[in-house]
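Worksheet for the structure shown next.
Remember, it's 1-based here, ligands and their atoms both numbered in the order they're listed.
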Amino acid sequence: MNAVTGLAPSTPAVDRYAVFGNPVAHSRSPAIHARFAVQTGQAIVYEKRLAPLDGFGAAIGAFIAEGGRGANVTVPFKLEAYALATRLTPRAAAAGAVNTLCFDADGIVGDNTDGVGLVTDLAINAGVQIRGRRVLLLGAGGAAQGVMLPLLDAQPSRLVIANRTPDKAAAIASRFNRGAPVGLQVVTCTLDALDSADAPFDIVINATAASLSDAVLQVPACVFAAGTLAYDMMYASAPTAFMRFAASRGASVRDGLGMLVEQAAEAFFVWRGVRPDTATVLADLRAAL
Ligand code: ATR
């Protein structure tokens with residue numbers, strides 16, 4: 001009996017997972033998890049489910065009643081998933097949002113694998129060390145807050161959050177400074193004042209929504225230098241406006257496709273206890289973009 005739904009789950013032959021979103025048709029998660037399952041010999045099915053905008057909780061409840069074992073959550077339901085969870089992992093609590101759910105006899109565990117996905121993509125796939133480096137995080141919405149804890153855990157020497165609306169950056173910084181490692185205080189800045197914030201940076205991460213509209217972020221060119229990695233959490237078939245601008249300043253650039261694959265791999269590990277190989281999946285996704 002599930003403590004949340006009050007329903008006894010049915011017992012399907014294979015373990016079932018799904019991604020919930022609205023819209024969700026574009027989601028690459030089913031293809032990624034299908035590849036992981038084949039690679040690791042795990043007997044799972046993973047589907048996409050369109051949840052009504054006012055019916056996320058009911059959609060999750062129905063999936064649990066059908067025997068669903070876990071779910072990924074995408075736009076616009078990550079905050080609702082956070083509220084729905086009966087237990088939160090520390091990284092989900094820090095993110096204030098949930099992208100991975102596990103269903104067990106005691107209820108719903110809410111987790112967040114986005115930040116680990118980013119850090120793994122940077123450290124392993126891009127081969128860029130975060131420890132001891134100067135990091136600039138652009139944006140102070142859910143995407144930025146979601147990666148703060150894993151970024152801090154990776155021990156940069158400096159972490160600056162810059163946002164168009166300064167109060168939102170200040171709110172995130174004050175929250176994380178309470179638990180920050182000694183010596184690293186997160187500092188904040190407006191986008192246009194970044195030239196006085198110890199630029200250039202080693203790693204510049206775009207966590208704003210600007211790339212959704214291919215808008216050029218109003219950041220001073222001096223944040224980038226030849227040794228900078230400019231990372232856009234978004235991805236598209238062509239480099240984003242942020243990546244094009246950074247490249248024009250001599251920076252190396254990377255989009256968020258690897259983060260997508262790595263957050264999925266972490267969710268797969270949470271559910272199944274085995275780590276898939278992400279390199280081939282990432283290469284195939286890249287080729288198909
Ligand atoms: P998400 O959950 O994707 O982070 P969000 O919470 O709406 O979405 O946050 C969007 C972020 O992108 C914010 O930091 C926003 O800046 P403001 O707080 O000033 O609104 C930022 N953003 C969106 N479009 C932008 C643009 N054209 N230039 C600069 N920042 C932008």
Side-chain angles (χ1 to χ4, degrees), residues 19-24 26-29 51 53 56 72-84 91-100 110-119 121 135-152 159-176 186-195 197 199 201 203-224 230-236 239-246 249 255-257 259-260 263:
V19 56
F20 289 79
N22 189 332
V24 78
H26 65 285
S27 174
R28 294 171 202 272
S29 293
L53 290 175
F56 173 71
N72 283 132
V73 181
T74 188
V75 177
F77 298 125
K78 290 185 183 182
L79 294 180
E80 280 188 67
Y82 177 89
L84 188 68
R91 60 192 181 186
V98 158
N99 80 331
T100 301
D111 198 353
N112 192 311
T113 65
D114 286 330
V116 166
L118 169 71
V119 167
D121 190 44
V135 177
L136 169 62
L137 183 62
L138 299 169
Q145 182 167 322
V147 300
M148 281 293 293
L149 184 66
L151 267 184
L152 284 169
L159 179 55
V160 176
I161 308 176
N163 196 44
R164 186 173 58 181
T165 310
D167 289 357
K168 285 164 70 179
I172 293 181
S174 70
R175 191 161 157 230
F176 282 90
V186 180
V187 298
T188 65
C189 191
T190 54
L191 295 178
D192 52 9
L194 273 167
D195 45 1
F201 291 85
I203 303 169
V204 180
I205 300 165
N206 181 16
T208 74
S211 296
L212 285 175
S213 52
D214 213 31
V216 179
L217 270 181
Q218 300 303 315
V219 293
C222 64
V223 302
F224 305 109
Y231 190 103
D232 200 328
M233 285 197 201
M234 305 278 173
Y235 64 87
T240 65
F242 169 77
M243 292 164 67
R244 296 195 302 272
F245 179 56
R249 305 301 305 174
D255 71 11
L257 195 65
M259 178 178 171
L260 172 78
Q263 64 77 29

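Of the protein's non-hydrogen atoms, A209 N, 2.9 Å is the one closest to atom 12 (O) of ligand 1. Looking only at heavy atoms of the protein, atom 13 (C) of ligand 1 is closest to N163 OD1, 3.8 Å. Nearest non-hydrogen protein atom to atom 20 (O) of ligand 1 is R164 NH2, 2.9 Å. Scanning all protein heavy atoms for the shortest distance to atom 5 (P) of ligand 1 gives G141 CA, 4.0 Å. Atom 8 (O) of ligand 1 has G142 N, 4.4 Å as its closest protein atom, hydrogens excluded (heavy atom only).
Proximity to A140 (heavy-atom distance under 4.0 Å) selects the following atoms of ligand 1: 14 (O). Within ligand 1, counting atoms from 1 as listed, the ones closer than 4.0 Å to a heavy atom of A143 are 1 (P), 2 (O), 4 (O). Near G139, with a cut-off below 4.0 Å to any heavy atom, the atoms of ligand 1 are 14 (O).
Two residues are said to be in side-chain contact when any heavy atoms from C-beta on lie closer than 4.5 Å; L136 and L194 meet this criterion. No side-chain heavy atom of V73 sits under 4.5 Å from any side-chain heavy atom of E80.
The distance criterion of under 3.5 Å between nitrogen or oxygen atoms is not met by L217 with respect to ligand 1. Between L191 and ligand 1, no pair of N/O atoms sits closer than 3.5 Å.
Between the side chain of N22 and the backbone N or O of A51 there is at least one donor-acceptor pair closer than 3.5 Å. Using modelled atom types, one side-chain atom of N163 and one backbone atom of A140 make a donor-acceptor pair closer than 3.5 Å. With hydrogens and angles ignored, the 3.5 Å screen pairs no side-chain donor or acceptor of R164 with any backbone N or O of L191.
Side-chain N/O atoms of N72 and S29 include no donor and acceptor closer than 3.5 Å.
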Practice problem: Go through the steps to decide whether S211 and N206 satisfy the test side chain to side chain contact (heavy atoms under 4.5 Å, CB included), and finish with yes or no. | Solution: CA-CA 9 Å; S211 296; N206 181 16; 3.3 Å; yes

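F20 and F56 have perpendicular rings, their planes meeting at more than 60° on a 0 to 90° scale where under 30° would count as parallel.
Only one option out of D214, L257, L212 pairs with M234 in a side-chain contact (heavy atoms from CB on, under 4.5 Å); it is L212.
Using a 4.0 Å threshold on non-hydrogen atoms, atom 18 (O) of ligand 1 counts as touching the protein.
At a 4.0 Å heavy-atom cut-off, ligand 1 touches K168 through the side chain alone. For T208, heavy-atom contacts with ligand 1 shorter than 4.0 Å involve the backbone as well as the side chain.
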